Structure formats: C-alpha cells, structure tokens
Number of protein chains: 2
Amino acid sequence: MVQFVHPQRDEITLAGVLAALADPMRLRIVKSLAAQNDCMSCTEAAPCPDMAKSTLSNHFRILREAGLIRTSKQGVQHRNVLREEDINARFPRLLKMILSFPE
Amino acid sequence: MVQFVHPQRDEITLAGVLAALADPMRLRIVKSLAAQNDCMSCTEAAPCPDMAKSTLSNHFRILREAGLIRTSKQGVQHRNVLREEDINARFPRLLKMILSFPE
DNA sequence: TTCAATAGTTCAATACTAATGAACTATTGA
DNA sequence: TCAATAGTTCATTAGTATTGAACTATTGAA
C-alpha cells in the first residue's frame with residue numbers, strides 16, 4: 001500500500017514552492033488543478049499526452065513534497081487537489097499571482 | 001574579453017525567473033541587490049563567505065541569463081544590478097512579493 | 001473466483017545539471 | 001614589469017531528471 005508524504009503547512013518553504021513551479025510541465029499541472037477547482041487524477045491533469053507515466057508520477061511527487069498538492073487514493077485513481085489554503089496561508093497571494101501570468 | 005549575455009525584456013520567461021529564484025543562495029543574492037538598490041560586485045553580494053568562486057560565478061551567470069540581473073565590467077570588478085524595471089514590466093509585482101517573504 | 005484492464009509507483013539505466021578546485025584572463029597599482 | 005584582485009572557464013565528481021520495464025493495487029467482467 002502506497003502512503004503519500006505531505007509536508008505540514010508550516011513545513012512548506014518558499015524555495016520548495018518556487019522550485020516546484022519553475023518547471024513548465026509542473027506549472028501546467030498546477031494551472032489545470034487551479035482551473036478545475038476540484039480533484040483531478042494524474043492522467044487528467046497531465047500537461048501533455050506523450051509524457052512517460054513514470055515522469056508524470058515524478059512530477060506529482062515533487063508537487064506533493066513541495067506542499068502544492070494533496071494526493072489521496074480513490075479506487076484505482078489518485079485524486080490530486082491544490083493546497084490553495086495552505087499555500088495562501090504561508091505565502092499570501094503568491095500562487096494566484098504566479099498562475100495569473102499567461103505563460 | 002568576456003562578453004555577457006543578457007536576454008531582452010521580452011525574452012524573460014516566468015519559468016526562468018522562478019527557477020533562478022528557487023535556489024536559496026540565488027534568492028539571497030537577489031535580496032542583497034534589492035536591499036542595496038545599487039550595483040554590487042559578485043563578492044559583495046555573495047550569499048556566504050565560504051562559497052567557491054566558481055560556484056558564485058555560476059549563480060551570477062544563471063541570474064543573468066534568467067534576466068534578473070545586468071552585469072557590466074568596471075575595472076577589475078563586475079557590477080551587478082537588479083533588472084527591476086524589466087522584471088516588473090514582464091511580471092508585475094512578482095519580484096517584490098517574492099522578496100517580501102521572510103525566508 | 002479468476003483474469004484482464006487501469007492507474008500509478010518503484011527501480012535501474014542513462015542523460016543532464018550543479019559544485020568545486022585548478023588553471024586561465026583582464027585590470028589595477030606598486 | 002610584476003604581483004594582487006576579481007571573475008571566468010574547464011574538467012571532474014556528485015546529484016537530479018527522464019524513461020522503459022517491472023511491479024502493486026483496485027475494479028469490473030466472465
């Protein structure tokens with residue numbers, strides 16, 4: 001049984017968040033989650049269709065360990081949700097601002 | 001003669017800026033430059049005294065190529081200045097916000 | 001119950017990036 | 001002219017990313 005590691009709110013660091021968002025693919029994943037405003041499976045939130053699933057899985061792990069998303073299991077899928085409240089509490093308005101830029 | 005490569009304003013990317021700022025040492029360099037509000041040499045803006053100068057040089061190169069700083073030569077030193085106007089034009093308020101967080 | 005399909009993870013291999021010491025370049029001042 | 005200073009570049013080593021292959025867990029159908 002896979003157990004996911006999520007940092008507590010106060011363990012989330014600025015460098016960790018920026019590093020996680022500094023990858024174009026991960027930025028797209030986070031944008032998808034923010035736009036959806038709901039849980040998404042890994043494949044639903046995949047930034048491009050031809051990415052190896054091991055690579056995709058790794059990106060989700062990095063987002064999870066940076067504290068940007070929370071993952072839970074539901075059936076055969078993983079439900080990923082953006083930790084907006086936690087990020088906003090740590091770094092007010094940062095996430096919204098970064099996601100507001102067009103690229 | 002060393003020639004520095006600086007991206008044009010419109011070549012500055014969000015992922016590039018975030019990646020450059022995602023390193024704690026580079027974040028400290030940028031904070032020093034922002035606090036100084038003036039040119040600083042590489043050693044003046046060094047984030048810690050025991051860093052190898054090749055490493056320091058590499059960090060400045062990454063900041064330069066991301067468009068965060070502009071470097072010019074003045075005598076034996078390099079004068080580094082934060083490209084606040086360019087970054088603000090591309091990503092309004094982003095830099096100020098990131099630098100406002102305590103860590 | 002068995003078995004195939006689905007959704008992800010983990011592992012091992014390879015490719016890329018970062019950190020460092022050593023050697024180098026350019027400028028200054030004695 | 002020569003030593004000191006400030007950085008860069010290069011080669012090596014260490015760490016991180018990407019990927020295919022093998023694996024785990026869950027579901028739905030036969």
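Values below: every heavy atom of this structure, side chains too, minus hydrogens, waters and symmetry copies. Chain naming here is simple, since letters A, B, ... match the order of the sequence lines and numbering starts at 1 in each. Everything quoted here is computed from the prediction, not taken from an experiment.
- In this structure D/dA30 sits in a base pair with C/dT1, meeting the Watson-Crick or G-U test at under 3.5 Å.
- Between A/R26 and A/I62, some side-chain heavy-atom pair lies under the 4.5 Å cut-off.
- For B/R9, the CZ atom sits in a packed shell: over 12 heavy atoms of surrounding residues, nucleotides or ligands are nearer than 6.0 Å.
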Task: A/L56 and A/M25: CA distance, side-chain angles, deciding distance, side chain to side chain contact (heavy atoms under 4.5 Å, CB included) verdict - done: CA-CA 9 Å; A/L56 188 60; A/M25 292 300 139; over 6 Å; no

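- For the segment residues 48-62 of chain B, the set of residues with a heavy atom within less than 4.0 Å of an atom of DNA chain C comprises B/A52, B/S54, B/T55, B/H59, in numerical order.
- Looking at B/I87 and B/L82, their side chains never come closer than 4.5 Å, going by heavy atoms from C-beta outward.
- D/dT8 atom P lies 11 Å from atom CD of B/E65, rounded to whole Å.
- Within the 4.5 Å cutoff, the side chain of A/T43 has no heavy atoms near those of the A/K53 side chain.
- With a cut-off of 3.5 Å on both pairing distances, the Watson-Crick or G-U wobble partner of C/dG29 is D/dC2.
- Pairing of D/dC23, defined by two Watson-Crick or G-U wobble distances under 3.5 Å, is identified with C/dG8.
- Inter-residue side-chain proximity for A/V17 and A/L95 is flagged as unmet; no heavy-atom pair is nearer than 4.5 Å.
- Two residues are said to be in side-chain contact when any heavy atoms from C-beta on lie closer than 4.5 Å; B/L27 and B/I98 meet this criterion.
- Across the protein-nucleic acid pair, B/Q74 atom CD and C/dT28 atom P stand 9 Å apart, rounded to whole Å.
- Remark: P of C/dT28 and NE2 of B/H78 are 11 Å apart, rounded to the nearest angstrom.
- B/H59 has its side chain within reach of B/M51: a pair of non-hydrogen atoms, C-beta onward, lies under 4.5 Å apart.
- Proximity note for B/T43 (side chain, C-beta onward) versus D/dA25, D/dG7, C/dA26: the nearest is D/dG7.
- When only modelled atom types and interatomic distance are considered, B/R64 and B/T71 share a side-chain donor-acceptor pair under 3.5 Å.
- With rounding to whole Å, B/K73 atom NZ is found 8 Å from C/dA26 atom P.
- Distance, A/Q77 CD to C/dA5 C1': 13 Å, rounded to whole Å.
- Of all nucleotides present, only D/dA17 satisfies the Watson-Crick or G-U wobble test against C/dT14, with each distance under 3.5 Å.
- Residues from residues 19-40 of chain A with heavy atoms under 4.0 angstrom of DNA chain C: there are none.
- In this structure, the CG atom of A/L63 is 12 Å from the P atom of D/dA17, given to the nearest Å.
- Across the protein-nucleic acid pair, A/N80 atom CG and C/dT9 atom P stand 8 Å apart, rounded to whole Å.
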